[in-house]
Structure formats: structure tokens, C-alpha cells
Amino acid sequence: MDDTYYKKHYSPEMLDDCIDILESAFTPFLDTPGSFISDKDRINKLFQSKDKARCEVFFHEGKAVELYSHNDGCIEYVAVKKEYQNHGFESAILLKAFHSILNDSENPPYLCSGDKNIRAQKFYERAGMKKICSSVRIEISPQEV
């Protein structure tokens with residue numbers, strides 16, 4: 001990447017840019033549009049660095065285009081705006097997240113990806129990660145408890 005590509009540690013002033021990245025990266029196939037917007041307070045708290053957690057936002061030509069966040073080894077988000085996907089940004093940010101975890105945590109890097117997010121799962125496998133389990137969602141009605 002050239003010198004028009006740089007990163008910044010997350011600050012609350014970047015929240016709208018981060019929400020925009022998350023909406024662009026995840027909404028088309030996983031979430032309801034606006035789901036990240038309605039969860040702004042939780043995301044803001046999640047992204048604020050503490051002890052073994054970090055969020056970094058990456059800029060290209062002055063625009064926020066990608067981010068990662070982790071908490072003690074768990075990669076919570078790796079997100080690249082849709083228009084910047086498939087240009088090498090994904091591999092670069094995943095590598096940066098791994099290095100950050102190795103510096104910040106005693107735990108090895110790991111993440112959870114939704115079962116419906118096949119594209120991301122294939123990307124993670126190409127990056128050398130292994131799928132170790134699949135999630136199951138069980139809904140229990142109040143009458144069953």
C-alpha cells in the first residue's frame with residue numbers, strides 16, 4: 001500500500017465512519033440495514049481500547065475504508081467497505097489484526113463467523129484459519145422453560 005493508506009486508533013469521533021464501514025461490509029448479506037446504526041452506543045464502547053482490546057481504523061486517500069477490532073485474542077470485526085473489497089485490503093487488515101493480538105494478548109487469534117457468511121469463511125480459510133465448529137441457534141419459548 002502507498003502513503004495514502006494509513007491507520008488511526010479508534011476514537012469516538014470516528015464512530016460514524018466505523019458504522020458506515022460496518023454497514024457497507026456486513027448489511028448486504030447478513031444484517032438488516034441500519035442494525036449497526038441502532039447499536040451505536042454498544043459499538044462505541046466495544047471499540048474503545050482497554051487493556052487487551054484494540055480497534056484500528058484504516059484510511060485510503062483520507063477516507064475510512066476498513067477496520068478491525070479485537071478483545072483479548074478474539075477478532076470481533078474485520079470489515080472493509082464494499083467498494084474496497086477484493087483489492088487486497090482484506091488480507092492486509094487481517095494480518096494487522098493478527099499482529100496486534102500477538103502484541104496485546106496472551107491468547108492466540110480466533111474469530112467467529114456467521115454460518116451464512118460463506119464468503120468470509122472461505123477468505124479466512126485461504127488465510128490459514130481452520131473452521132473448528134459450526135453454530136447452532138436454538139429458540140426456546142417461555143412455555144418450555
Side-chain angles (χ1 to χ4, degrees), residues 1-140:
M1 302 282 166
D2 56 37
D3 61 351
T4 63
Y5 181 79
Y6 58 93
K7 70 178 178 180
K8 292 182 181 180
H9 291 286
Y10 174 79
S11 66
E13 297 79 34
M14 296 178 192
L15 181 59
D16 288 337
D17 285 334
C18 292
I19 296 295
D20 187 44
I21 293 168
L22 293 170
E23 285 282 334
S24 174
F26 293 109
T27 301
F29 54 94
L30 290 180
D31 297 303
T32 305
S35 60
F36 291 100
I37 294 167
S38 65
D39 210 9
K40 273 178 118 169
D41 290 337
R42 186 190 66 80
I43 291 170
N44 185 43
K45 288 177 187 171
L46 177 73
F47 285 176
Q48 294 192 38
S49 297
K50 54 198 173 288
D51 289 336
K52 298 177 181 182
R54 177 187 312 233
C55 176
E56 292 185 317
V57 182
F58 294 78
F59 295 79
H60 180 66
E61 297 178 347
K63 291 182 180 179
V65 298
E66 62 183 351
L67 64 83
Y68 75 81
S69 72
H70 73 79
N71 187 353
D72 202 17
C74 179
I75 298 173
E76 295 165 333
Y77 290 105
V78 173
V80 177
K81 284 185 85 164
K82 187 165 184 60
E83 59 266 29
Y84 290 89
Q85 293 175 5
N86 301 313
H87 291 86
F89 287 94
E90 298 93 336
S91 298
I93 195 167
L94 187 60
L95 186 60
K96 290 176 187 303
F98 288 161
H99 284 284
S100 177
I101 289 169
L102 294 173
N103 288 325
D104 295 339
S105 176
E106 295 173 9
N107 295 319
Y110 68 97
L111 58 82
C112 295
S113 178
D115 287 341
K116 293 180 184 177
N117 197 349
I118 303 301
R119 190 171 140 225
Q121 290 176 23
K122 288 181 180 182
F123 167 71
Y124 295 134
E125 288 173 3
R126 283 192 310 271
M129 300 184 87
K130 292 186 173 116
K131 184 175 182 176
I132 58 171
C133 66
S134 182
S135 66
V136 176
R137 180 178 177 161
I138 300 171
E139 294 186 22
I140 300 172

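No experiment lies behind these values; they were computed from the predicted model shown. Because only heavy atoms are used, hydrogens play no part in the values below, and waters and symmetry mates are left out as well, while side chains stay in.
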Verdict with reasoning, Leu111 to Met129, per side-chain contact (heavy atoms from CB on, under 4.5 Å): CA-CA 9 Å; Leu111 58 82; Met129 300 184 87; 3.9 Å; yes
Is it true that atom [atom1] of [X] has more than 12 heavy atoms of other residues, nucleotides or ligands lying nearer than 6.0 Å?
X: Lys45; atom1: NZ; result: no
X: Asp41; atom1: CG; result: no
X: Glu106; atom1: CD; result: no

With rounding to the nearest 0.5 Å, note down the distance linking [atom1] in [X] to [atom2] in [Y].
X: Ser24; Y: Ile19; atom1: OG; atom2: CD1; value: 12.5 Å
X: Ile101; Y: Asn71; atom1: CD1; atom2: CG; value: 9.5 Å
X: Leu67; Y: Phe59; atom1: CG; atom2: CZ; value: 10.0 Å
X: Asp39; Y: Asn44; atom1: CG; atom2: CG; value: 11.0 Å
X: Asn107; Y: Asp72; atom1: CG; atom2: CG; value: 4.5 Å
X: Cys55; Y: Lys50; atom1: SG; atom2: NZ; value: 10.0 Å

Before you tell me yes or no, could you show the steps for Glu83 and Val65 under side-chain contact (heavy atoms from CB on, under 4.5 Å), namely the whole-Å CA-CA distance, both residues' side-chain angles and the distance that decides it to 0.1 Å? CA-CA 9 Å; Glu83 59 266 29; Val65 298; over 6 Å; no
Over all heavy atoms of both residues, which pair between [X] and [Y] is shortest? Give the atoms and the distance, please.
X: Glu66; Y: Ile93; result: OE1-CB, 3.5 Å
X: Glu23; Y: Gly34; result: OE1-N, 3.1 Å
X: Ala79; Y: Leu22; result: CB-CD2, 3.9 Å
X: Ser35; Y: Ser38; result: O-OG, 3.0 Å

Please walk me through it: do His70 and Ser100 pass side chain to side chain donor-acceptor pair (under 3.5 Å)? CA-CA 8 Å; His70 73 79; Ser100 177; 3.0 Å; yes
Is there a side-chain contact (heavy atoms from CB on, under 4.5 Å) between Tyr10 and Ser69? Walk through the geometry before answering. CA-CA 9 Å; Tyr10 174 79; Ser69 72; over 6 Å; no
Can you find a pair of side-chain heavy atoms, one from [X] and one from [Y], that are under 4.5 Å apart?
X: His87; Y: His60; value: no
X: Tyr110; Y: Ile132; value: no
X: Glu90; Y: Val78; value: no
X: Glu56; Y: Arg54; value: yes

Which word best sums up how the rings of [X] and [Y] line up, parallel for under 30°, tilted for 30 to 60°, or perpendicular for over 60°?
X: Tyr68; Y: Phe58; result: tilted
X: Phe36; Y: Phe26; result: tilted
X: Phe89; Y: Tyr5; result: tilted

List the steps and the verdict of salt bridge (charged side-chain N to carboxylate O under 4.0 Å, His left out) for Asp17 and Lys63. CA-CA 9 Å; Asp17 285 334; Lys63 291 182 180 179; over 6 Å; no
Of Glu13, Lys8, His9, the residue whose pairing with Ser11 passes side chain to side chain donor-acceptor pair (under 3.5 Å):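 Only one of Glu13, Lys8, His9 forms a side chain to side chain donor-acceptor pair (under 3.5 Å) with Ser11, namely Glu13.
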When you look at Ile43 and Leu15, which way does the side-chain contact (heavy atoms from CB on, under 4.5 Å) test go after all the steps? CA-CA 8 Å; Ile43 291 170; Leu15 181 59; 4.2 Å; yes
Under 3.5 Å donor-acceptor pairs involving side-chain atoms of residues 120-128, not counting sequence neighbours:
{"residue": "Gln121", "atom": "NE2", "partner": "Gly114", "partner atom": "O", "Å": "2.8"}

